[in-house]
Structures are given as structure tokens and as C-alpha cells.
There are 2 protein chains.
Amino acid sequence: MLKAERHKFIMTKLVEEQKVVTTDLALVLDLSEDTIRRDLNELDNKKLLEKVYGGAVLVTEKATDIFNINISDEDEKKKIVTKALSLLHDDQVIIMSGGSTNLVFAKLIPADLKATIYTYSLPIAMQLSQHPNIDLIFIGGKMQKNAMVTIGMDVIQVVSKIKADICFIGASSINIKQGLTEIGYEISIVKKAMIEASDRVVSMFSSDKLDTKMPHVVCDLKQLDTIVTNLNPEDPSLEEYRKSGVFIL
Amino acid sequence: MLKAERHKFIMTKLVEEQKVVTTDLALVLDLSEDTIRRDLNELDNKKLLEKVYGGAVLVTEKATDIFNINISDEDEKKKIVTKALSLLHDDQVIIMSGGSTNLVFAKLIPADLKATIYTYSLPIAMQLSQHPNIDLIFIGGKMQKNAMVTIGMDVIQVVSKIKADICFIGASSINIKQGLTEIGYEISIVKKAMIEASDRVVSMFSSDKLDTKMPHVVCDLKQLDTIVTNLNPEDPSLEEYRKSGVFIL
DNA sequence: ACAAAAAATGCATTTGTATGCAAAAATTAA
DNA sequence: TTAATTTTTGCATACAAATGCATTTTTTGT
């Protein structure tokens, strides 16, 4: 019996019975359970079924709700951004870039904070639009759809006219030599403009971004005033960063 | 019985009976209460139910989920906007205002439509950012937070520079004498600019908006090319609108 | 505050899974 | 066709997951 036949058999049985059990299939098809498992894993990779402990079940199409943004390690990110809440004060003018860490930050901004926030991230704007005391300005332009942010000259032009007290920049990668780097050119120049427009520059990211690099430079470490990570500021892996003079929260 | 099956069983029972009891489930499924508890905790972590002392209950839709926009009468609105899909063609430049009817419309835009869409509505932009073939431009400005749209001079300036083939305008109120009217002044002037910028003006709304008025005039009926409602175009309550020369879908 | 019920925790047992390896089968190249 | 190569398969082993039980902790109703 060819593998393709077997896969077909498995899929048929799966549709008929809503589930398949590894041991049953091994028995019926007279093959080792290992082979069945390999088959099921293959079919799982092709998204034709869902492998579970002991067998497999039909793929349940999860409602791809656009508005339900999935933040990975949200709890971890909460811990990071909570440290940065002390940087917020009434009447500040703030610029926020995109990124899930900044989104978590936006969620945690206290309801009584009165401030003006500029952003070019759709999810962050959605979040902040729920905030009673924030003057929110969305920076328009062409949408970079996967990241849900606007990019391009329109964005730069607006950002370069802002005079902000503080900006919160998400980080793709950071290291001692190159500083902050980004995978996309367009995002990198927007971030440059943000930094230029702000008195104080804060970047929040988890420690796995440390000592990594991307093609496009945003700024070097000296231009960052504060970085916020999940690590203790005294952590040895931040040693070099501390030396560069950036304040670590 | 596979764990996945059990979870499905529990979820089904939960929906049917609004609650599940740990001891009952243990009895029915012939498993220890420990296993049931572990299951319920797992499902709780996935936010599929809420674990409570003694069992579990349905997740209470928390209103604080910003991203979960509630559209009233969504099915009814789907019927309306489906009629308007025939107005879409490849390579069009489109402007869309905000409003839940337009949001439903955005959801239904075919995946293969290649077009450029301008909007100043956050939810609509979120929706369209999922669309593979649409060039999306968000019109920035100060956010009107309850409506999740940008307003003000920044918006007007951008809109007035667009040359669009068609625009889709949500309607707060419409009547024969004043035409389209809005509750807010700012929204009304943005919509005026939209109309000015577009070759063709389409407005979609349910019949309960007919023959009502709001303080701020957007345009009179003559400036609308097409209106789309839930009613049959021949419906007597559209009689006067038909006479005004507007095309009714 | 107290007793009863439920839940969490650690542990042992069972069961299912991943992985490297060797033999068998299928495929490819000459 | 034959030999070389790749793929598939089954097995042994180490590993991880699931389950039930005993014990401790927490919660609840009175």
C-alpha cells in the first residue's frame, strides 16, 4: 500500500468518524504505530488534520478575527512595560511606534493620564481610542499591512513636525555596535524621524532582542535615553549596554 | 477517548446547559475529577470557558475588548452591502467613510479585488489590512475616539487632494429636503470633502435612516449617485427618493 | 470559626511520542 | 539490467504526556 493511499484512507476515516486513533490505524492498516504517527504528523504539517495525543482530529477552523490580535508572551511583556509606566506624566506629548510590546504598554496606560499621543500603529490607536483622557493623533499614510502601521514619506513629514517629550520605540534588534536596527528600510527611517522629534527616547523589548542585528540601522545606543527589558538592570548580559551610558530600567 | 474529544464534549455540554459541574463530568466521562479539573483549567487558559469553584461557566463577553467590535444587525447589513459589491472593479480608487455598514462592506470585498482604498476609519483599516490585493491608505489626523475615525483639517486636506472613482459614505440621516445630514459638524465637512473628491457617490444605510434629520448638512440628494438600502428599490417608501434622480440599488 | 467540598500539588504508573539506526523497498542513473 | 541512492519502515530507547491517587491547601456555606 502506497503512502498516498494510506493518507487518503486516513483522511476518509477521519471525516467519517471525526477522529482517528493511532493504535486503531496501525491495526487496521497492519503497520507499526510509528509509521502511522509519521503519517499523521505529515498530514498535520499540511494542515489537513490536527495531531493530538493518541491520534488526530479534524481541523477546527478558528475564526480568523482580524480584530482579535494575538500577543505572544503577553504576561512577560506586561512585566516589561509596567516598569516604563513611571516615565509617563500628565501633559506630555508622546510618540509611539508599533509593535506588540508597545501595544501592551498602551493597554496599561493609566486611565487618568492626560497626554497627547501620536502613533502610526492601527492596533495601538484602537487601544488608545478607549482611553478617556488622551488626545490621540493618528499619523496617516500608506499602510504596511502585515505590521498594521503606516509608512512612507507622509509619515516622516508629519513626525518631523512633531515636538515630543518622549517617544517609545519598539525594537526588532539591538546590539552594542550598530545600536537599534530594523528589518525594513521604511520602518527604520520612520523611527529615525521619531527619535529626531523627541526629547527623550525609550525602547522596550525582551532580552532575546539583545545582541541581534537587522539590515537597517535606526540609531546607535547613544541616542537612546532609556531601555526597558525583562532583565534586572544589573544583569550581566546588560553590562556592555550599561557602559554605553544608556539608562536601564 | 481522546482529550480533544473530551474538550469538545465539555464545550458542547457547556453551551447547552450554560454550565458544567466537575463531579458530573467525572461521572459521565468515567474519569477522575482531577482530570476534569485539568481539562477545565486548560480550556480556561485558552479562554474558551471560565473556571469557577465546582465547575465552569460560559465566558462572559467582556466589553473591555477594544478590538472586538460589535456590529448590530450584522446579517441585515450584509444583505445591504452585498448589493453594492457590483459597484467595485479592479483598479478603482475608492474612499470609504466610517460606520458599521461600511465595516461590513469592507469585510465582504472579494479577496481578488485589486484597488486603492482611502479611509479614515480605524476599524475599516484594520479590516482591509487583511486584504491581500488592496493598496490601503489611512488618512491621519486627530482621532474622534468614540467613532474611531480621524477628523479635522488634516483629514480634509488629504481628502481634497484625492481623485477617487467612487466613495462609500455611511449615513446618519437622510431625507428629501436636506439630503444627507450628520450629528457632528466635523464629520459633515469631512464627508463633504469626500463627495467633492469622488466621481461617484454611494451611500448605504438601512431604511430606518430614511426621512430623519441631523443638524449638519453633508449634501443634498442630487449629489448622491447611488443609494443602497435593505428595501426593494421599488418600495413605496423610496418613491420620493427615486423621483429625485438618485439610483437605488 | 468551623466543617465539608473542591482544588492544587507531588508522585507513580501507564500510555503515547520522538529519535537514531538498520533493514527493506522503491527510485534513479548508467 | 544492475548498482547506487534515496525513501520508507520497524524497532529499541529515551523522553514526554496523561491519568489517578494521596496529601495538603483553599474555598464555601453556615
Side-chain angles (χ1 to χ4, degrees), chain A residues 1-62 70-79 82 206-208 230, chain B residues 1-62 64:
Chain A
M1 187 179 228
L2 298 175
K3 192 162 73 160
E5 288 182 82
R6 231 167 41 226
H7 286 188
K8 206 171 157 188
F9 178 89
I10 292 173
M11 288 311 298
T12 307
K13 187 176 164 90
L14 177 61
V15 171
E16 275 170 6
E17 306 180 11
Q18 309 276 85
K19 66 154 186 177
V20 288
V21 176
T22 312
T23 51
D24 288 359
L25 285 170
L27 213 64
V28 175
L29 296 172
D30 192 30
L31 287 163
S32 74
E33 294 182 18
D34 302 68
T35 304
I36 301 298
R37 266 182 223 111
R38 279 185 270 244
D39 284 347
L40 294 181
N41 281 331
E42 249 182 83
L43 293 167
D44 180 277
N45 287 334
K46 287 187 201 158
K47 307 277 170 78
L48 296 174
L49 52 70
E50 188 187 350
K51 178 89 185 67
V52 297
Y53 194 86
V57 295
L58 292 168
V59 278
T60 51
E61 51 173 313
K62 47 180 176 180
N70 191 32
I71 302 170
S72 61
D73 299 318
E74 182 160 4
D75 291 339
E76 191 63 25
K77 283 171 182 162
K78 268 186 191 169
K79 288 182 201 159
T82 302
S206 67
S207 55
D208 55 0
N230 51 318
Chain B
M1 184 178 232
L2 300 173
K3 192 165 73 160
E5 285 183 87
R6 226 165 49 222
H7 287 186
K8 207 170 155 189
F9 178 89
I10 293 172
M11 288 312 296
T12 307
K13 188 176 164 92
L14 178 61
V15 170
E16 276 169 3
E17 306 180 11
Q18 310 276 86
K19 64 159 186 176
V20 287
V21 176
T22 311
T23 51
D24 287 0
L25 285 170
L27 213 63
V28 175
L29 295 172
D30 192 29
L31 287 163
S32 73
E33 293 182 19
D34 301 69
T35 302
I36 300 299
R37 270 184 218 109
R38 280 186 269 243
D39 284 347
L40 295 181
N41 283 331
E42 249 183 82
L43 293 167
D44 181 279
N45 286 335
K46 287 187 200 157
K47 309 274 170 80
L48 295 173
L49 51 70
E50 188 186 347
K51 179 90 185 67
V52 296
Y53 193 84
V57 295
L58 292 168
V59 278
T60 50
E61 194 70 41
K62 48 178 178 179
T64 49

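In what follows, every heavy atom counts, from backbone to side chain, and hydrogens, waters and symmetry copies are set aside. Note on naming: letters A, B, ... go to the chains in the order of the sequence lines (proteins, then strands), and numbering restarts at 1 for each one.
In this structure, the CD atom of E5(A) is 14 Å from the P atom of dT8(D), given to the nearest Å. In this structure, the NZ atom of K3(B) is 13 Å from the C1' atom of dT15(C), given to the nearest Å. Atoms CG (N45(A)) and C1' (dA18(C)) sit 14 Å apart, rounded to a whole Å.
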For residues 16-29 of chain B, which side-chain N or O atoms pair as donor and acceptor with protein atoms under 3.5 Å away, sequence neighbours left out?
| from | atom 1 | to | atom 2 | distance (Å) |
| --- | --- | --- | --- | --- |
| T22(B) | OG1 | G54(B) | O | 3.1 |
| T22(B) | OG1 | G55(B) | N | 3.4 |

When the side chains of residues 30-39 of chain B are checked against the rest of the protein, which donor-acceptor pairs come out under 3.5 Å, sequence neighbours left out?
| from | atom 1 | to | atom 2 | distance (Å) |
| --- | --- | --- | --- | --- |
| S32(B) | OG | D34(B) | N | 3.4 |
| S32(B) | OG | T35(B) | N | 3.3 |
| S32(B) | OG | T35(B) | OG1 | 3.2 |
| E33(B) | OE1 | R37(B) | NH2 | 2.8 |
| D39(B) | OD1 | R6(B) | NH2 | 3.0 |
| D39(B) | OD1 | H7(B) | NE2 | 3.0 |
| D39(B) | OD2 | R6(B) | NE | 2.7 |
| D39(B) | OD2 | R6(B) | NH2 | 3.0 |

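Closest approach of A4(B) and V52(A) over heavy atoms only: CB-CG1, 4.0 Å.
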> When you check every protein heavy atom under 4.0 Å of nucleotides 25-30 of chain D, what one-letter string (B, S, -) results, 5' to 3'?
Replying inline: --BS--
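Side-chain N or O atoms of N230(A) include one that pairs as donor or acceptor with a backbone N or O of S207(A) at under 3.5 Å.
Side-chain contact check for K13(B) versus I10(B): every heavy-atom pair is 4.5 Å or farther apart.
OP1 or OP2 of dT17(C) lies within a sub-4.0 Å distance of a side-chain N or O belonging to K51(A).
Between atom NZ of residue K77(A) and atom OG1 of residue T82(A) there is a gap of 13.5 Å, rounded to the nearest 0.5 Å.
Partners of D44(B) according to the side chain to side chain contact (heavy atoms under 4.5 Å, CB included) rule, which considers only residues two or more places apart in sequence or in another chain, are L49(B), E50(B), K51(B).
Within residues 26-42 of chain B, the residues approached by DNA chain C to less than 4.0 Å at the level of any non-hydrogen atom are D34(B), R37(B), N41(B), in residue-number order. Less than 4.0 Å separates DNA chain C from no heavy atom of any residue of residues 8-21 of chain B.
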